[in-house]
Amino acid sequence: MSNVTLSKVNKIYGSGRTGVHAVRDLDLAVPDGEFMALLGPSGCGKTSTLRMIVGLEPITSGDIRFGDLRVNDLEPRERNVAMAFETYALYPNFTVEENLAFPLEVRGVPPAERRRRARELAELLRITEILSAKPPVLSGGQQQRVSLGRALIREPAVFILDEVMSHLDAHLKFQMLFDLKRLHQELRRTMIYVTHDQVEALALADRVAVMSNAELQQVGDRNTLYNRPANMFVADFIGEPPTTFIPVERRDSAECARLHATGAELVFDVAAERIPDLDAHGGCEFMVGIRPQNLHLCDHGATIGGKIVINEYLGERSILSFVTGDVTLQALAPPDTRMAPGEHAGFSLDPRDVMIFDAETGALVT
Amino acid sequence: MADQARPDDRWRHVRVLFLAFLGLWLLFTLFPLYFMIITALKTTAETNLTVPTFWPELFAFGNFAAVFAEATNFDALIDSFVIATINTLLSLFLGTLAGYAFARFPRQAGGENLAFWILSNRMFPPVAILVPMFFLFDSTPWGTDSIWSLIILYLVFNLPLATWLMMVFFRDAPRELEEAAYLDGWTPLRAFLRITLPLVLPGMISVAMLCWIFAWNEYLFANLFVGTDVRTYTIVIPTFTHGSQTLWNLQMAFSLIAMIPPVTLFILLRRYMVRGLSLGVVKG
Ligand SMILES: Nc1ncnc2c1ncn2[C@@H]1O[C@H](COP(=O)(O)OP(=O)(O)OP(=O)(O)O)[C@@H](O)[C@H]1O
Ligand SMILES: [Mg+2]
């Protein structure tokens, strides 16, 4: 009943020349009980999508279904959804406890039960000590947790959470991510979680939908997004430090397919199983994407080499930036790597880890 | 060399200047009130002295009773009160609804231009519409001499103000609060009444004060429109004469009595007034 399906959904704010196309032809299916994260940079239309799902924003065109029911014309209160707002939207003249219990009060739950649920949730969200405070005196992070709590207190068909952890410190966020994940496993309700932080999305969600520029780029689990990104945007957005992109030209040698970087003395061998895809695509100009994780520092058999420019020490790892020709690449290395700028370093790269994209459209070729 | 005033001393001069200015300003604003009070307490003979006295020789407290010798004078206060109160309630009711529409549905409600046009209704000199309004109300079934003509006429001035200010207050009240309530199962009307309205209440109270005081004090239109069946206190004040002589003491006594309602209201509601007029109403 509570699988959510969006088909060809569009949202245009305003009209005519000044209109903003905030969501474009969005097709998305969230099966019942799934934890789906909606990930994308600021302004890509995430909040607009959520507001259409819950019914706060009219849909310009397209259909939204909960199960078999088309909800386009249903009022928000008829859709049985709970939402945590990006702006918290706490009632300023209610106490935290009253805010938390409000959805239950509206539904006529008896006071004792409301109180019990509110306390239970406050425990989970670590806000028991502010239950009798009013929202205007709370910090951003506290307000955010109250707002999350108000969305979680009842058990609707679908939970919609809009950037509910953006104001929490890393430590608290880590705990709350864990708690939320556990809560989802207990409730097994459909959850749609919006964030622009890939760490949150990948940590929590069964599947992640990546949006950019009003359009859905790719939906998939973490492995798919990481290893088979649909296009250069996803490859760039998922993964930290970011993928390096290098323009290349296909110039095959006698025994194997080869990609030559246009701005440097770099040659990438194409893994044998990828050649058919490359042939099918045709053309000879491509973009190659290299993840820093896939470059391994080595003394012998290096396929890529360059001069170190920065050695960033980040605790559990180091990021080495090196140049070759006019290309700058980054590689992850163990934290104890002693490499000074100016030194020459060699790296090995498995041809299967090379992502090849269409140079014009940015779509993944293989 | 001799000029070695320390910073403290210099600040003291500024302070003295400031206090002197404040004193002058107080004198300037409070003197009329003082003179009003003492005049209200003087005998008629004393008010007519060529050289005015600044302290009554005899305290004629009887003046305050004498103003009601004419029984209809008390009715005038009642009429004014009724007109101002009904007008305020209407202005608030209509202004709140209109302000909400402009704040939440600007496009459907006619946009920024219409909103500004409504406010601009407040900007022309009232006397410009005095005569047209007279003929307009004269052709109504109840004529000009009725509380309803003034109640409706004052809407011309109070409604734009109420609409505009309420619009500003509603813009400040986050829309998501209502939306959260919709999701939790409330109807838009209920969310408006229970969530948003309490947020703008301080603002509403100050709007009510402004409207009420305008309607209570209005003289120009009242003087022309009413006078027989209905009298406002403002048109009663000039009637305290004896032959060709103005009875200043009775006028002042009556004016003082007429000041009591607005001053009381102001004192009772000043907490909301300050919060409402400093615009940050919603932040709590
Ligand atoms: N009510 C509105 N009227 C006009 N344009 C809007 C409105 N709401 C959003 N937009 C525009 O639509 C686009 C998408 O906005 P949206 O709020 O959905 O982005 P988002 O992905 O949630 O961003 P963020 O991560 O910053 O919250 C933006 O360009 C924004 O300016
Ligand atoms: Mg958003």
Side-chain angles (χ1 to χ4, degrees), chain A residues 13-16 18-19 47 50-51 53-58 74-95 98-109 133-138 143 146-151 153-154 156-160 162, chain B residues 96 100-115 166 168-206 269 271-272 274-276 278-284:
Chain A
Y13 291 106
S15 57
T18 54
T47 300
L50 294 190
R51 289 175 57 86
I53 295 175
V54 299
L56 292 173
E57 203 70 65
L74 291 188
E75 293 291 322
R77 74 193 129 92
E78 296 163 330
R79 299 194 187 190
N80 194 21
V81 290
M83 176 167 175
F85 287 79
E86 198 173 358
T87 50
Y88 320 141
L90 300 176
Y91 308 121
N93 31 26
F94 293 5
T95 64
E98 287 163 346
N99 264 287
L100 282 175
F102 179 81
L104 299 181
E105 189 187 338
V106 174
R107 284 180 166 64
V109 175
K134 295 213 171 150
V137 302
L138 302 180
Q143 293 189 39
V146 178
S147 140
L148 177 60
R150 195 179 54 183
I153 198 158
R154 65 193 178 88
V158 184
F159 289 99
I160 306 276
D162 196 353
Chain B
T96 302
Y100 186 77
F102 280 122
R104 288 288 190 265
F105 310 101
R107 231 153 29 95
Q108 292 88 329
E112 188 79 358
N113 288 338
L114 184 63
M166 290 315 295
V168 173
F169 297 144
F170 281 126
R171 276 186 187 162
D172 266 9
R175 173 181 219 140
E176 278 95 354
L177 296 187
E178 285 163 51
E179 293 178 337
Y182 299 166
L183 286 176
D184 288 331
W186 276 9
T187 60
L189 180 65
R190 190 151 179 221
F192 170 74
L193 293 176
R194 296 276 305 275
I195 304 283
T196 308
L197 219 49
L199 286 183
V200 299
L201 193 65
M204 260 176 108
I205 289 175
S206 35
L269 300 176
R271 214 159 47 88
Y272 297 100
V274 174
R275 258 170 74 194
S278 55
L279 292 184
V281 256
V282 171
K283 305 283 139 49

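Throughout, protein chains are lettered first and strands after them, A, B, ... in sequence-line order, and every chain is numbered starting at 1.
Residues meeting the ring pair (Phe, Tyr, Trp, His ring centres under 6.0 Å) test with A:Phe85, sequence neighbours left out: none.
Heavy atoms of A:Leu104 lying under 4.5 Å from chain B are absent altogether. Heavy-atom distances place the side chain of A:Arg107, and not its backbone, under 4.5 Å from chain B.
Between chain B and the residues A:Val54, A:Asn80, A:Val106, the most heavy-atom pairs under 4.5 angstrom are made by A:Val106.
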Kindly list each side-chain donor-acceptor pair under 3.5 angstrom involving residues 185-205 of chain B, sequence neighbours excluded, with atom names and distances?
{"unit_1": "B:Thr187", "atom_1": "OG1", "unit_2": "B:Arg190", "atom_2": "N", "d": "3.2"}
{"unit_1": "B:Thr196", "atom_1": "OG1", "unit_2": "B:Glu178", "atom_2": "OE2", "d": "2.7"}

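Once rounded to the nearest 0.5 Å, the distance linking NZ of A:Lys134 with CD of A:Glu98 reads 7.0 Å.
A salt bridge links B:Glu112 with B:Arg171: at least one charged nitrogen is closer than 4.0 Å to a carboxylate oxygen.
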